[in-house]
Amino acid sequence: MTEQVRKPRARRTFSAFGEIRKMPSEYEIVTHGQNWTTRQNRTSAFEQNPSSAPNMWFKTYRDNSALQAHDWEQFRDPDQYTYRTYVNAQAESELKVHGVLEEYSAAGSAAALAPGWVETLATLYTPSRYPVHGFQQIEAYIGHMAPTSYVTNAAGLATADFLRRVTTIAYRTRELQLAQPSSDIGTDHERRVWETHPGWQPARKAVESVLATYDWGEAFTALNLVLLPTLDDVLSRQFGEIARDNGDELTWLLHGFLDADNQRRNRWSIALAEFAITQQPTSASAIDKWVARWSPIADAAAQGLATILAETPEIPRNADAVTAGAKAAREGLLRGILAPAEAVAKVSAP
Amino acid sequence: MTQSRETVELGPADRAPELVPLNAIFATDFVQILVPVTTADTMTEVAAAVAHHVEGKRVRALPYEKVVIHNGRVVPAEMTVADAGFAPLDHIAVEYLVPKGVS
Amino acid sequence: MNSVVGPILRMGDQIEEVIAAIRDDNPDQDIEVVDRGSYVRIQGHDRIRVTQNTLRGYLGADYEIRSFGTMMSSFVGRVVNNSDEIVWENIKRTASPEGVLAHD
Amino acid sequence: MTLLKREEWQGFVRDVDWTPTYVDYEAIYPEWHCGTGKVPREAWQGWEESYKVSYPEYVATQREKESSTYAVKAALQRSNTFQDLDEGWKSATKMHFGGVALVEYAAVIGELKMARFGLNGSWRNMATFGQLDEMRHAQITTFFGHEFVGQDAQYDWTQKTFHTNDWVPIALRNLFDGMMVAPNVVDLAIELPFTFETGFTNLQFIALSADALESGDVNFANMISSIQTDEARHSQQGGPTMEILVEHDPVRAQWVIDKSFWGSARAFAALTGPAMDYYTPLEHRKQSYREFMEEWIIDQYIHTIEDYGLKKPWYWDEFITGLDTWHHGLHMGLWYWRPTVWWRPKAGVSKDERAWLASKYPNWENVYGDKWDVMIDQVNANNVAATLPETLPWLCSTCHLPCCNATPSRNGEWKVRTWQLDYDGKKYHFCTNACRQIFWKDRDNVNHETLIDRFLAGQIQPMDVGGILNYMGMTPDAMGDDPDYGAWTRDYIGRAVEGIAAATVQGATQ
């Protein structure tokens with residue numbers, strides 16, 4: 001037997017992962033501890049006066065948010081998306097979107113839509129680029145302020161998803177404008193509808209209010225856990241179904257493709273809420289409080305849009321049913337999160 | 001505590017030496033450095049403390065006396081840091097006193 | 001005022017073809033090429049352009065001008081693009097870079 | 001039937017601003033984040049990027065970039081390229097991975113800020129692409145650096161650097177927090193996309209790729225030049241912002257440019273300068289740092305700001321003089337304080353290398369040759385210990401880099417000078433006059449404890465070299481040392497040695 005010389009074992013991965021047996025995934029390698037303003041043992045977020053305005057902002061709205069976890073770096077996106085995964089998946093999905101756009105354009109489908117449905121598109125669909133852009137802004141803020149790069153990345157990709165959605169709406173706005181020249185589509189009509197149509201005003205109030213909400217935990221809860229799950233159900237699921245009922249298959253198909261983005265965002269948002277609650281039970285009461293505050297606002301937004309869906313299409317849907325569906329969708333999603341009392345019991349159990 | 005205690009105002013020389021960190025440049029060295037001295041150190045000692053980090057390490061040692069320059073003035077060799085009134089973070093330069101005619 | 005404008009392309013297999021396409025699209029210009037190994041400066045004066053059609057002639061019929069972005073690591077001047085061409089022009093200008101919005 | 005052209009519909013993607021009424025405009029766009037200042041709110045309606053991209057184009061093109069970059073990596077992983085690279089060049093890459101990966105991430109946070117608070121919908125859309133781009137850069141840089149962790153522990157600093165209080169990341173955090181994340185979005189768009197990304201990153205990502213390719217590091221050259229193709233696009237946020245600000249508040253535009261240009265120039269002198277002029281093997285150097293600066297910064301960038309109607313910064317002469325000194329002084333500092341860096345700085349001053357340096361920098365021998373000669377003699381006298389630090393270099397209160405910039409005297413002698421300032425009962429020291437001026441103009445923002453301040457305040461314990469290294473997060477497996485003392489000293493073996501400290505020579509044991 002030759003004597004074995006024991007060399008110190010070569011490092012396999014970044015020391016940031018500690019002494020682990022399992023090799024971190026590519027997702028973890030490229031996502032872990034990327035935001036230096038969240039590093040340990042810092043005196044302030046930014047390397048400048050601890051009392052500077054930017055430092056005070058991050059201290060107040062991020063570090064002192066009621067949404068807390070003892071180690072945010074342990075959070076994982078259930079989909080484990082990296083940049084590379086994202087552009088691959090979205091490039092693929094956009095090809096499908098383009099495929100159906102071309103297919104339906106060739107069939108001249110936009111010109112064949114019924115008047116009531118064109119009006120619905122002009123009232124509910126084409127103006128929706130404004131609120132979706134608002135979502136994009138709020139999601140960007142959530143990413144900007146998030147206490148770990150694991151959340152910033154998920155929110156950053158979701159921000160881009162909203163731009164994708166606005167882009168799709170914009171494309172169809174032009175297509176409908178060409179196919180339906182006597183409609184108002186593609187004029188200043190969209191902005192006017194968004195700013196003044198009674199059906200949109202509760203939604204606009206909701207978006208503007210969340211835009212002005214700067215506690216990152218509350219912004220996250222208000223948008224990702226309350227407003228979006230509610231409005232996705234109206235603007236995506238139900239609107240798609242009603243489109244199909246009204247002979248607009250293209251809209252139904254497009255919403256199907258783009259809803260994958262919503263579902264991915266829901267997965268990490270729920271996972272994030274559960275993570276925070278499990279790590280820090282007081283997070284449950286914060287989420288609970290914010291959900292209670294924002295739910296009526298989201299319900300009012302859904303109800304406003306429901307009035308349009310009940311009145312304008314050739315084949316409408318009952319407004320109360322639309323509103324109830326949206327509320328049920330949100331509640332169904334939030335049911336996945338531990339009830340506050342349960343969470344406390346789980347964490348404090350021996 | 002109200003008992004009166006007689007206190008005597010102590011002069012610099014009576015106090016225990018205090019640390020005075022200085023910003024120093026030695027002759028033609030390439031960088032300003034941190035050099036801690038004490039209030040009791042003389043300029044000769046201050047010059048040596050600065051030279052310790054540089055002389056013969058980055059700047060050729062020359063066989064001449066070294067002087068300390070503070071606020072644009074050469075401080076006498078035997079004067080202490082306290083007497084010269086050096087404050088923490090003050091800048092000093094240490095230069096060789098090169099005899100005239102030598103270059 | 002006569003100033004240098006143009007793209008800076010990173011290392012790649014298609015540089016010669018792109019240079020040829022730019023020369024074709026700017027027949028009145030003497031296009032200068034500065035080769036630094038991992039990057040190449042292609043420069044003309046005041047305003048130069050390259051079109052998707054010409055690029056397709058060199059790089060294949062399915063070449064999409066958006067892919068130019070994979071090669072261009074920097075540029076001199078202002079770059080203005082649309083679905084058919086990319087233009088590099090002086091930064092000082094008076095006109096709007098692209099046509100009017102569809103709904104104006 | 002094909003799809004509609006982008007020009008037909010992109011106007012709708014860009015036209016997404018509305019007038020809020022349920023909440024005050026100020027509540028959604030707080031002046032403190034938006035920084036419109038003297039610019040009337042409606043002026044931002046004219047903001048327009050000239051180089052346009054749409055979402056489907058973006059994901060399709062970026063997928064192409066990612067797959068080709070990773071393909072080169074995969075192809076080279078099977079070869080022995082890495083083992084064959086020069087230690088100096090490897091140090092240039094370690095410096096890059098550690099010094100850059102998380103800076104890209106700071107840019108993610110900054111772009112997200114513009115995506116939220118930008119003053120025009122199309123600006124916010126561009127920033128949305130921008131944050132995606134920066135996420136790519138952070139991830140690709142981190143992942144490529146990670147590949148080498150098993151072979152060399154210094155690559156651990158790819159991820160670790162900015163989590164430490166090493167003096168290099170303190171300086172860089174101070175700079176980049178101040179120009180990429182903390183400012184209002186108007187200043188941010190000029191500091192990050194404009195000054196940094198159309199100016200300085202070209203130096204590290206394109207110019208350095210020329211040296212990388214010459215050095216045989218195809219993978220690295222490919223990665224950094226691919227990254228810069230994204231910058232070329234999203235840096236377009238700077239131009240339109242600049243045009244509007246120059247029109248309404250040229251004084252502010254000039255100040256923002258001047259300040260961020262100076263900070264960037266200081267940082268690149270520390271990172272890119274030594275990599276180009278010392279670490280890259282002599283035979284692989286494409287141009288000198290000064291020549292690259294002239295090509296990319298002086299010719300290209302300054303031309304650009306003049307086209308936008310601004311002037312050269314007020315400190316121009318000081319900056320130009322510094323092109324011959326800053327990075328040489330910083331290189332000497334990085335080498336002398338090498339236990340504090342996560343790479344192996346090579347001195348790079350053999351006779352041939354010095355001949356090259358002298359040809360590129362006529363004053364080099366005059367300013368730096370004598371110091372290197374003393375160190376060479378110490379190494380040849382078997383006294384490496386004399387070339388190791390026993391105190392800290394003084395760190396500038398603005399750029400946080402060592403104060404090591406020699407300037408010429410009337411008699412032709414080059415000396416380091418003192419730049420002091422008494423402010424608010426405290427004495428501050430600076431590396432240059434412009435750093436002092438910037439501190440004064442911006443004193444409430446940039447006034448931040450340097451490592452020297454922390455040391456003197458007793459935050460670093462014990463107050464010795466070990467305590468300092470520990471505070472910096474430096475561990476023995478990552479601590480820098482010269483990779484090959486002989487490489488630059490053997491040319492001088494046997495020459496007469498005078499004027500090196502006699503006592504230390506006698507006492508040498510190394």
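So that the names make sense, note that chain A is the first sequence line, chain B the second, and so on, each numbered from 1. Values in this document were obtained by computation on a predicted structure and should not be read as measured data.
Residue D/Ser67: no heavy atom, backbone or side chain, is found under 4.5 Å from chain A. For D/Tyr155, the part lying under 4.5 angstrom from a heavy atom of chain A is the backbone only. Heavy atoms of A/Arg84 lying under 4.5 Å from chain D belong to its backbone as well as its side chain. Proximity to chain D involves both the backbone and the side chain of A/His144, based on heavy atoms less than 4.5 angstrom apart. Using a 4.5 Å cut-off between heavy atoms, A/Glu26 contacts chain D through both its backbone and its side chain. Contact annotation for D/Val108: only side-chain heavy atoms (C-beta onward) come within less than 4.5 Å of a heavy atom of chain A. Contact of D/Asp24 with chain A is not made at all, since no heavy-atom distance falls under 4.5 Å. Both the backbone and the side chain of D/Thr19 come within less than 4.5 Å of a heavy atom of chain A. Only the side chain of A/Glu94 comes within contact range of chain D, with at least one heavy atom under 4.5 Å from a heavy atom of that chain. For a residue to count as touching a neighbouring chain, one of its non-hydrogen atoms must lie under 4.5 Å from one of that chain's; by this rule D/Leu175 does not touch chain A. Contact annotation for A/Arg204: both backbone and side-chain heavy atoms come within less than 4.5 Å of a heavy atom of chain D. Within the 4.5 angstrom heavy-atom criterion, no atom of A/Ile169 approaches chain D. Of the atoms belonging to A/Glu175, heavy atoms from both backbone and side chain fall under 4.5 Å from chain D. For A/Val207, the part sitting under 4.5 Å from any heavy atom of chain D is the side chain, from C-beta outward, and nothing else. In this structure, chain A has no heavy atom under 4.5 Å from any part of D/Trp157.
Most heavy-atom pairs under 4.5 Å with chain A: of the set D/Asp477, D/Val23, D/Leu102, this distinction falls to D/Leu102. Put simply, of D/Tyr58, D/Phe176, D/Tyr70, the one with the most heavy-atom pairs under 4.5 Å next to chain A is D/Tyr70. Considering only heavy-atom pairs separated by less than 4.5 Å from chain D, the leading option among A/Ile138, A/Val166, A/Thr152, A/Leu101 is A/Thr152. The choice from A/Ala146, A/Ala45, A/Ser93, A/Ala212 that makes the most heavy-atom pairs within less than 4.5 Å of chain D is A/Ala212. Top candidate by heavy-atom pairs under 4.5 Å with chain D, chosen from A/Ser51, A/Ala155, A/Ser149, is A/Ser149. Across D/Ala106, D/Ala60, D/Pro56, the residue that shares the most heavy-atom pairs under 4.5 angstrom with chain A is D/Pro56. Among D/Ser54, D/Pro20, D/Ala101, the residue making the largest number of heavy-atom pairs under 4.5 Å with chain A is D/Pro20. For chain D, the option among A/His32, A/Gln201, A/Glu103, A/Arg42 with the highest count of heavy-atom pairs below 4.5 Å is A/Gln201. Most heavy-atom pairs under 4.5 Å with chain A, from the set D/Asp17, D/Leu112, D/Ile140: that is D/Leu112. Across A/Tyr86, A/Phe58, A/Phe162, the residue that shares the most heavy-atom pairs under 4.5 angstrom with chain D is A/Tyr86. When each of D/Ile170, D/Thr161, D/Asn165, D/Thr61 is checked for heavy-atom pairs under 4.5 Å with chain A, D/Ile170 comes out on top.
A/Tyr171 contributes no side-chain N or O that, together with a main-chain N or O of D/Leu3, makes up a donor-acceptor pair within less than 3.5 Å.
To the nearest 0.5 angstrom, A/Phe46 atom CZ is 12.5 Å from D/Arg173 atom CZ. A distance of 11.5 Å separates CG in A/Asn41 from OG1 in D/Thr164, rounded to the nearest 0.5 Å. To the nearest 0.5 Å, atoms CD (A/Gln34) and OG1 (D/Thr142) are separated by 4.0 Å. The distance from atom CG of D/Asp156 to atom CZ of A/Arg11, rounded to the nearest 0.5 Å, is 4.5 Å. A/Thr43 OG1 to D/Arg454 CZ: the interatomic distance, rounded to the nearest 0.5 Å, is 6.5 Å. Taking NE2 from D/His146 and CD from A/Glu28, the interatomic distance works out to 10.5 Å, rounded to the nearest 0.5 Å.
Nearest heavy-atom pair across D/Ala182 and A/Gln48 is CB-NE2, 3.9 Å. Of all the heavy atoms in A/Ala170 and D/Val13, the pair that sits closest is CB-CG2, 3.3 Å. Counting all heavy atoms, side chain and backbone alike, A/Ser15 lies closest to D/Lys160 at OG-CD, 4.1 Å.
Within the 4.5 Å cutoff, the side chain of D/Val181 has no heavy atoms near those of the A/Pro54 side chain. With contacts defined as side-chain heavy-atom distances shorter than 4.5 Å, the pair D/Gln159/A/Ile29 does not qualify. Side-chain contact between A/Asn153 and D/Tyr105 is present, with heavy atoms from C-beta onward closer than 4.5 Å. In this structure, the side chains of D/Asp177 and A/Trp36 come closer than 4.5 Å at one or more pairs of heavy atoms. The shortest side-chain heavy-atom distance between D/Tyr55 and A/Gln90 falls under the 4.5 Å cut-off. Side-chain contact between D/Gln62 and A/Tyr83 is present, with heavy atoms from C-beta onward closer than 4.5 Å. Residues D/Phe12 and A/Thr167 form no side-chain contact, since every pair of their non-hydrogen atoms from C-beta on lies 4.5 Å or further apart. Between D/Pro30 and A/Tyr214 there is a side-chain heavy-atom pair separated by less than 4.5 Å.
D/His33 has its ring centre less than 6.0 Å from the ring centre of A/Trp57.
Ionic pairing of A/Arg191 and D/Asp15 is not present here: no N-O contact between side-chain nitrogen and carboxylate oxygen is shorter than 4.0 angstrom.
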Inset, instruction - Dump the intermediate steps for side-chain hydrogen bond (donor to acceptor under 3.5 Å, both in side chains) on A/Glu208 and D/Trp18, then the final yes or no. - result: CA-CA 10 Å; A/Glu208 291 177 9; D/Trp18 76 88; 2.8 Å; yes
Inset, instruction - For the pair D/His448 and A/Glu47, evaluate side-chain hydrogen bond (donor to acceptor under 3.5 Å, both in side chains) and give the outcome as yes or no after the intermediate values. - result: CA-CA 7 Å; D/His448 182 62; A/Glu47 197 76 71; 2.6 Å; yes
Inset, instruction - Dump the intermediate steps for side-chain contact (heavy atoms from CB on, under 4.5 Å) on A/Val87 and D/Arg136, then the final yes or no. - result: CA-CA 10 Å; A/Val87 292; D/Arg136 172 180 185 232; over 6 Å; no
Inset, instruction - Applying side-chain contact (heavy atoms from CB on, under 4.5 Å), run through A/Thr159 and D/Arg116 and close with a yes or a no. - result: CA-CA 10 Å; A/Thr159 304; D/Arg116 166 61 183 84; over 6 Å; no
Legend entry - Verdict with reasoning, D/Arg63 to A/Glu92, per salt bridge (charged side-chain N to carboxylate O under 4.0 Å, His left out): CA-CA 10 Å; D/Arg63 176 167 68 167; A/Glu92 206 53 48; 2.8 Å; yes
Legend entry - From CA spacing to verdict: side-chain contact (heavy atoms from CB on, under 4.5 Å), A/Phe14, D/Thr158: CA-CA 8 Å; A/Phe14 292 140; D/Thr158 299; 3.9 Å; yes
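Contact annotation for residues 126-134 of chain D against chain A (heavy-atom separation below 4.5 Å, listed by residue number): D/Thr128, D/Phe129, D/Gln131, D/Leu132, D/Asp133.
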